[in-house]
Amino acid sequence: MNKPAGAPDWFDAVVVGAGFSGLYMLYRLRRLGLSVKVFDSAGDVGGTWYWNRYPGARCDIPTTDYAYSFDPELEKEWTWSEKYATQPEILDYLRFVADRYGLRADIELSTSVTSAHWDEQERRWSIVTDRGTRLRCRYYIMASGCLSMPKSLDIKGTDRFAGNVYFTSRWPHEGVDFTGQRVAVIGTGSSGIQAIPLIARQASQLTVFQRTPNFSVPAHNGPAPADRLTRLAQDREEYRDAARWSPGGVPVEPTGILGVTASETVARERFEDAWRAGQLFSILGVFADQGVNPASNKIVADMIREKIRSIVHDPWTADALCPKDHYFGTKRPCLDTGYFETYNLPHVRLVDLHRQPITSITEDGIDTADESFGFDAIVYATGFDAMTGAVEAVDVTGRDGLSLTEKWAAGPSTYLGLMTAGFPNFFMITGPGSPSVLSNMAVSIEQHVDWVADCLKDMSAEGFETIEPTPLAESGWDQHVRDCGAITLHPTANSWYMGANVPGKPRVFLPYIGGVAVYRQVCDDVVAQDYLGFRRTGPGGERCRDGVIRRMQPDVSLVLQVMAEMGLPPMETLSAGEARAMMALAAETRPPSPEVGEVTDGLMPGPAGDLPYRLYRPPSAGPHPVVVYFHGGGWVLGDLDSDDPLGRDLCVRSDAVIVSVNYRHAPEARFPAAAEDAFAALRWTAAHAAELGGIPGQIAVAGWSAGGNIAAVACQLARDADGPRVSGQLLICPVTDSDMTRPSYAENGDGYVLTTPLMHWFWNYYADQPDRGDPRAAPLRGNLDGLPPACVVTADFDPLRDEGLAYADALEASGAQVRRVRARGHTHTSVTMVGVVISGAPVRAEIAEALRNFFPSAP
Ligand code: NA7
């Protein structure tokens, strides 16, 4: 990997960007002994802090945390003057870093890389700059920043204005004096909100053109927070490590308090504490569920709106400043110093663009639909083409002439936000698909740079020259990034996180929201698994362990983690009574279940006594189709309460009456008691459909797990008994066979709640060995001709997955209509955890649709 002799245009690595990430990347690569060239279009190092010089520009992460941590000596030599340092101070810091490590020698300023093309033959990149420099390198690294490409102006007439025009993202170095001027500011994101109070101090008139009001909390700037300084002084490394393994890259104690269950007093106290703290991660962490639950989010949002109204005197202006079209946190919240107070000044006016849209910028000002404004200066604080803008600004062409822009036409696709398939040896620092902008950038940058540097070191040690993700690993990661975003409220907002601020940009949630700690673990796991999902090649051949690093839904992982931390005894070590008590206890801590029209409990006759049932009626006017539902619990556990949330959820989603039946349980009543009860319950319900508010003749059966087992059996018994006619069978992760040798028992037999030993425990309680081949215990072994249409749900991480699939196959082979629903990334139990596992909701929506389709005449 040494520089080929006589090749002055050859470098081991070319890095784009000399900001936080480019400087540290250079530092690390040099220490590996690599030859490196860094390019930056700016006139000095500093990246975002070089360009964004507008008045009031500051970081919004406390500077104690927004700094390099790789060298304790560096930390000793630099002291921040404030909690949130100003742009000049941060720029000074980065200059200091560049000088301290002698980095400037390898940095070419005022130079942009315009193209980077991969040469497959030579296994190297060809780089061209806007100064005509051409060079070749093995590794091409974009450390070009997430918010560095200003958004193109998309307002009519911007070139007409004869006065002074300023962009917060490209502020004049000599500063601007607005004294006595009539100034317009367009944009109320972080930049606008920081600049407006200071511009207002000088301008004779300030008019703010606001498209979307933003949530902002007071920064309470001042000296660096004493508690953090003390912690750092006591044990710097412990503090930095806590940051690296925190959710956002700043050590905070995450709360377990839910907004939906918190008392008003607790909610108010937590909010006021966060408001006083003046820190993004405090206000974003008032409740554990505010990012995913609209009701909880509203509590925080309402309190912020209340604050805005208490600060701003004019009620119309206050109302216009209150964000109403997005959930708190789904657009990046701002930290301000006197922002809302500024609107109390007599010379400051707010124009709400929703009521009064800009029709054009004119020669001397701005025209809205019903008013003409004259200005001496216009300040555009209109934001950035975030996360992908700077990367795509370079003509990056990978293998076989594939351009990055082409590949990313529908949105970026990356493996870990670090690399993208088809572009060997091309790395991105904090690229899309990594925590980046959702975290403390300093921590995320260091982690990415370290990962890349360590990767190059490993490659060199093992004799590899190229590295590239596999399509499988990349699509798996993209899916995981989407899954993580999908359980939050983020996709609902027109934010730059979603690409929604740039006209025509694909609407994709760009960053990874799984958290800094989880992400770091993922990156470490990839390496520990011999660079899982990467293909590495060299003179000695290639190595690739292909695979997907995270297949489980993020909230399912979280539930498993919480359960593991509880240290509960394995259920199969308990008696049936103890296991039932444990289940009942777990049910007490469930969040509120969905509301239905009506819930009534009753008794129906069974073969050996009355069977309790619970009827859920939808809120809509009846009569409705009827679904007889059987709960899960391995024929041993469960009751009307255990599956109550699922019963309610099925009812409201499918608009059917759900009759949940409690059947006899083992070991008190062993096989075939449960199956006989199920069939009896089906017959009785069918006969009494009209009395129950159902439509006679429109009856289906449904069940989860062992309930799915007896639902399937009931269908077979109904067919054999010539009735009742069943419109459909919904089998959610059903037990269909007693053969436990299918691969899913080995793959998923441990660690996903329902384990292989637990299935043995259930079977042992339920049926003697000779009975386990009886079709009433193992419906897969029965005659499957003439059975009703089925919806079979299988979960990826379920020991029962393969017998569910086998039943779907066998039903289909016998001529039944089968709808298969795959609960991707779910366990045996997670889809049914209504109100807890959000990623189960789309699966349940699909299940409900299948239920509705069993009844063609129903709405
Ligand atoms: P942002 O947060 O993207 O803010 C840009 C603002 O400009 C926002 O209020 C936009 O309204 C507004 N905007 C953009 N285009 C227009 C047009 N055409 N007309 C009217 N208003 C417009 O960028 P910032 O520079 O403030 O902050 C970026 C990040 O840097 C920040 O989050 C920190 O992480 C640091 P919109 O909301 O799109 O309706």
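Indexing begins at 1, ligand by ligand and atom by atom, following the structure's order. Side chains included, hydrogens not; waters and symmetry mates left out as well; all remaining heavy atoms used.
Given atom 12 (C) of ligand 1, the protein heavy atom at minimum distance is Gly187 CA, 3.6 Å. Among all non-hydrogen protein atoms, the one lying nearest atom 36 (P) of ligand 1 is Thr212 OG1, 3.4 Å. For atom 9 (O) of ligand 1, the closest heavy atom belonging to the protein is Thr188 N, 2.9 Å. From the protein, the heavy atom lying nearest to atom 31 (C) of ligand 1 is Ser190 OG, 3.4 Å.
Counting only non-hydrogen atoms, the option in His326, Arg211, Met441 that gets closest to atom 17 (C) of ligand 1 is Arg211. When the heavy atoms of Asp60, Asp385, Asp154 are ranked by distance to atom 18 (N) of ligand 1, first place goes to Asp154. When Ala381, Pro213, Gly189 are checked for heavy-atom proximity to atom 7 (O) of ligand 1, Ala381 turns out nearest.
With a 4.0 Å cut-off on non-hydrogen atoms, Thr168 does not touch ligand 1 at all. Contacts between Ile155 and ligand 1 below 4.0 angstrom, taking non-hydrogen atoms only, involve the side chain exclusively. The residue Val437 has no part lying near ligand 1, judged by heavy-atom distances below 4.0 Å. In Gln210, neither the side chain nor the backbone holds a heavy atom less than 4.0 Å from any atom of ligand 1.
Using a cutoff of 4.0 Å between basic side-chain nitrogens and carboxylate oxygens, Glu272 and Lys307 are scored as salt-bridged. Using a cutoff of 4.0 Å between basic side-chain nitrogens and carboxylate oxygens, Asp319 and Arg355 are scored as salt-bridged. For Asp273 and Arg270, the salt-bridge test fails: no basic side-chain N is under 4.0 Å from an acidic carboxylate O.
For ligand 1 and Arg332, the ligand atoms under 4.0 Å from any heavy atom of the residue are 31 (C), 32 (O), 33 (C), 34 (O). Interface atoms of ligand 1 facing Leu147, defined by a heavy-atom separation under 4.0 Å, are 29 (C), 30 (O), 34 (O). Heavy-atom proximity to Ser191, at under 4.0 Å, picks out these atoms of ligand 1: 24 (P), 25 (O), 26 (O), 27 (O). Which parts of ligand 1 touch Ile186 is read off a 4.0 Å heavy-atom cut-off, strictly below it: atoms 20 (C), 21 (N). Every atom of ligand 1 is numbered from 1 in the order shown, and the set under 4.0 Å from a heavy atom of Leu353 is 20 (C).
No hydrogens or angles considered: a donor-acceptor pair under 3.5 Å links the side chains of Tyr54 and Gln194. One side chain, Arg507 or Asn494, offers a donor N or O that lies under 3.5 Å from an acceptor on the other.
Proximity of Lys331 to ligand 1 is established by a heavy-atom distance of less than 4.0 Å.
Closest approach of Val452 to Leu418, counting heavy atoms only: CG2-CD2, 3.9 Å. In this structure, Ala390 and Gly145 approach most closely via the heavy-atom pair CB-O, 4.1 Å.
More than 12 non-hydrogen atoms from other residues, nucleotides or ligands lie less than 6.0 angstrom from NZ of Lys324.
Side-chain N or O atoms of Asp385 include none that pairs as donor or acceptor with a backbone N or O of Ser152 at under 3.5 Å.
For a threshold of 3.5 Å applied to N or O pairs, the pair formed by Asn214 and ligand 1 contains no separation below that value. Considering backbone and side-chain N/O of Lys151, one or more are found under 3.5 Å from N/O of ligand 1.
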